[in-house]
K.L.:
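What follows is a single structure, and I will ask about it in a moment.
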Amino acid sequence: MPIISKKALSKIKPNMTISLGGSNILNLTKDLSTAQIPNLHFYLPSEITRMQCKKLGLSVLPLNDTMPKFYLAFDGCIALIKISML
């Protein structure tokens with residue numbers, strides 16, 4: 001597992017809603033699918049990432065105006081954008 005995925009996974013806890021971008025995020029989606037962190041949900045602005053997450057069996061939420069807050073967001077270079085929008 002890449003070190004950047006290990007760092008990202010260390011920030012992700014059960015029951016979180018997370019936004020994942022595109023591009024290099026695909027390795028992180030694979031690692032999330034095997035991480036066994038319960039009850040994760042994902043917002044995915046990238047169609048490619050959305051398809052990958054669905055293929056891996058991750059819980060994908062629709063993007064719309066009534067989305068609840070999310071805890072973490074990772075962009076295409078797998079950088080932590082913001083912790084907790086609460």
K.L.:
Would you compute the distance between atom CG of Leu63 and atom OG of Ser46 and round it to the nearest 0.5 angstrom?
P.N.:
10.5 Å

K.L.:
Can you tell me how far CD of Gln52 sits from CG of Leu28, rounded to the nearest 0.5 angstrom?
P.N.:
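Leu28 CG to Gln52 CD: 11.0 Å, rounded to 0.5 Å.
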
K.L.:
To the nearest 0.5 angstrom, please state how far the CG atom of Leu72 sits from the CD1 atom of Ile18.
P.N.:
5.5 Å

K.L.:
Among Thr29, Leu58, Leu44, which residue satisfies the side-chain contact (heavy atoms from CB on, under 4.5 Å) criterion with Arg50?
P.N.:
Leu44

K.L.:
Check the pair Lys30, Leu56 against side-chain contact (heavy atoms from CB on, under 4.5 Å), reporting the backbone distance first and the verdict last.
P.N.:
CA-CA 7 Å; Lys30 291 175 188 173; Leu56 293 169; 4.1 Å; yes

K.L.:
Minimum heavy-atom separation for Met1 to Ser5, with atom names?
P.N.:
CG-CB, 3.7 Å

K.L.:
Counting only heavy atoms not in Glu47, do more than 12 sit closer than 6.0 Å to its CD atom?
P.N.:
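It does: Glu47 CD has more than 12 such atoms within range.
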
K.L.:
Using side-chain heavy atoms (C-beta onward) and a distance below 4.5 Å, is Cys53 in contact with Leu20?
P.N.:
yes

K.L.:
Pair Thr49, Phe74 - check side-chain contact (heavy atoms from CB on, under 4.5 Å), show working.
P.N.:
CA-CA 12 Å; Thr49 307; Phe74 297 91; over 6 Å; no

K.L.:
Is Met51 reachable from Leu32 through a run of I, L, V, M, F, W or Y residues, each pair having side-chain heavy atoms under 4.5 Å apart?
P.N.:
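No, Leu32 and Met51 fall in different hydrophobic clusters.
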
K.L.:
Find the distance between CD1 (Ile37) and CG (Asn15) and round it off to the nearest 0.5 Å.
P.N.:
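One gets 11.0 Å once the value is rounded to the nearest 0.5 Å.
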
K.L.:
Is it the case that Ser59 and His41 place a side-chain donor and acceptor less than 3.5 Å from each other?
P.N.:
yes

